[in-house]
2 protein chains.
Amino acid sequence: MNSQAEPLCEESHSDRRDRRKPRVDEAALGRAAELFAALGDPPRLRLLALLAQGPACVSDLAEDEQEGMSTISQRLKVLRSASLVRRRRQGKHVIYALADQHVVDLVFNALAHASEAQVVGKYKE
Amino acid sequence: MNSQAEPLCEESHSDRRDRRKPRVDEAALGRAAELFAALGDPPRLRLLALLAQGPACVSDLAEDEQEGMSTISQRLKVLRSASLVRRRRQGKHVIYALADQHVVDLVFNALAHASEAQVVGKYKE
DNA sequence: TCATCATTTCAATAATCGTTGAACCAATGA
DNA sequence: TCATTGGTTCAACGATTATTGAAATGATGA
C-alpha cells in the first residue's frame with residue numbers, strides 16, 4: 001500500500017487529519033507492547049532461547065543460567081503473563097515450554113535477524 | 001525439530017549439559033532484546049503504527065499524538081537506535097519512516113495477533 | 001503426619017526508563 | 001545578520017522494573 005508515500009508536512013492539516021483516520025486499537029496495541037516488553041530483556045530472551053530447545057523445569061533452567069530459582073521463577077512469571085510460555089506440573093516439578101510455534105518462530109527470527117544485522121545492517125540500508 | 005521434546009528433569013545432568021551445548025550468541029541476543037524493548041512501550045509502538053501509514057515529520061507526529069516535540073523526539077531516538085526507523089532532513093523538517101518492510105510486517109503482525117488473541121487466545125490454548 | 005524438595009510469593013532495595021521543560025543546534029527567509 | 005521555526009539534547013524527577021533472600025505453598029514419600 002502507501003506505506004512509503006510522501007511525507008505529510010507539506011499538506012494542509014485538514015487534509016492530513018482526514019487521511020489519518022484509522023487510529024490504532026489501543027487495547028491491541030497495549031497487549032502487543034506487553035508481549036514485546038517481555039521479550040525485550042536479555043535474561044528473559046535467553047530463557048526463551050533455552051526453552052526453544054525443549055521444555056524444562058525451573059531448577060534445570062536455574063542451573064543452566066547459573067541463577068537462583070527465585071530469579072528464574074520471576075522471569076518465567078513475566079513471560080507467562082505475556083502468554084509466551086505455558087507450564088504444567090509433573091510431580092514436584094513445574095515444566096515450562098514455549099506457548100506455541102508462533103513464539104518459537106518469533107524467537108528464532110529475532111535471533112537470526114540480530115545475527116546478520118550486525119555487519120551491514122538489513123535495517124540500516 | 002525437537003522443540004517440544006520431553007522435559008529434562010529426569011535425565012542425568014551430564015547428559016543434559018552435553019545436549020544443551022548450542023549456547024546462544026550473547027551479542028545477537030542483546031541486539032534482539034534491544035529491538036523488542038524498543039517495541040515494548042505503547043507510545044512508541046503507536047508511533048510506529050502511525051509511521052506505517054507513511055513517513056512523517058516530528059511536528060506532525062507530535063500533533064497526531066498530542067504531545068510535545070521533545071517527547072516525540074525522545075521516543076524516535078529509541079526507535080532509531082534499535083534501527084526501527086530511519087530519518088532524513090527535508091529543509092527545516094526531519095522526516096521519519098519505518099526502516100524497512102521487515103519492520104512494517106512486524107508491527108502489523110503484532111497488532112493483528114494482539115487483536116485476535118484477546119478472545120480465546122492463540123497463545124493461551 | 002513429618003520432613004523434604006521444588007517452586008512461588010513477598011517485601012525491600014537498587015537500577016533502569018519515560019517524561020518534562022529549558023537550553024541548545026540547524027535551516028530558512030527577511 | 002537576525003528572527004523564526006523545527007528538532008534535539010540535557011538534567012532532574014517520578015515511575016516502573018529487576019533482583020534478592022526469606023517466608024510461604026505444594027507435592028511427595030517415609
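Within every chain, numbering begins at 1; the chains are lettered A, B, ... in the order of the sequence lines, protein sequences first and strands thereafter.
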Note: B:Ile72 and B:Glu67 closest approach over all heavy atoms is CD1-CB, 4.0 Å

Atom CD of B:Gln66 and atom P of C:dT19 are separated, to the nearest Å, by 16 Å

From CG of A:Asp60 across to P of C:dA6 the rounded distance in Å is 10 Å

Residues in residues 72-79 of chain A with a heavy atom under 4.0 Å of DNA chain D, by number, are A:Gln74, A:Arg75

Contact under 4.0 Å: A:Tyr96 side-chain N or O vs C:dA6 OP1/OP2:
no

When rounded to whole Å, the CD1 to P distance for the pair A:Ile95 and C:dT8 reads 11 Å

Closest to the side chain of B:Ser70, out of D:dG7, C:dT7, C:dA22, is C:dA22

Ranking D:dG7, D:dA18, C:dT7 by distance to the side chain of A:His93, first place goes to C:dT7

Per-nt protein contacts along nucleotides 24-30 of chain C (heavy atom under 4.0 Å; B base, S backbone sugar-phosphate only, - none) come out as ---SS--

Here the distance between atom P of C:dG18 and atom CG of B:Asp41, to the nearest Å, is 5 Å

note: B:Arg88, atom CZ; D:dG7, atom P; distance rounded to Å ~ 13 Å

d(A:Leu76 CG, A:Gln74 CD) to nearest 0.5 Å is 10.0 Å

In short, B:Leu35 meets B:Ala82 closest at the heavy-atom pair CA-CB, 4.2 Å

Practice problem: Please confirm whether the backbone N or O of B:Asp41 pairs with a side-chain atom of B:Arg46, one donor and one acceptor, at under 3.5 Å? | Solution: no

Scanning both residues in full, the closest heavy-atom pair of B:Arg80 with B:Val85 reads CG-O, 3.6 Å

Quick check on D:dT20: is either OP1 or OP2 less than 4.0 Å from any side-chain nitrogen or oxygen of A:Thr71?
yes

task: Check whether any side-chain heavy atom of B:Arg75 lies under 4.5 Å from a side-chain heavy atom of B:Pro43, and answer yes or no.
output: yes

Separation of C:dT8 atom C1' from A:Glu67 atom CD, nearest Å, is 17 Å

Heavy-atom closest pair (A:Leu111 atom, B:Ala28 atom, distance to 0.1 Å) is O-CB, 4.2 Å

Separation of D:dA18 atom P from A:Leu39 atom CG, nearest Å, is 12 Å

Separation of C:dT20 atom P from B:Glu65 atom CD, nearest Å, is 12 Å

Notebook entry, point to check: According to a strict under-4.0 Å criterion, is B:Arg87 in side-chain N/O contact with OP1 or OP2 of D:dT8?
Noted result: yes

**Asked** Does one hydrophobic cluster hold both B:Leu29 and A:Leu61, with members joined at side-chain heavy-atom distances below 4.5 Å?
**Response** yes

*Please confirm whether the backbone N or O of A:Ala99 pairs with a side-chain atom of A:Arg86, one donor and one acceptor, at under 3.5 Å?*
yes

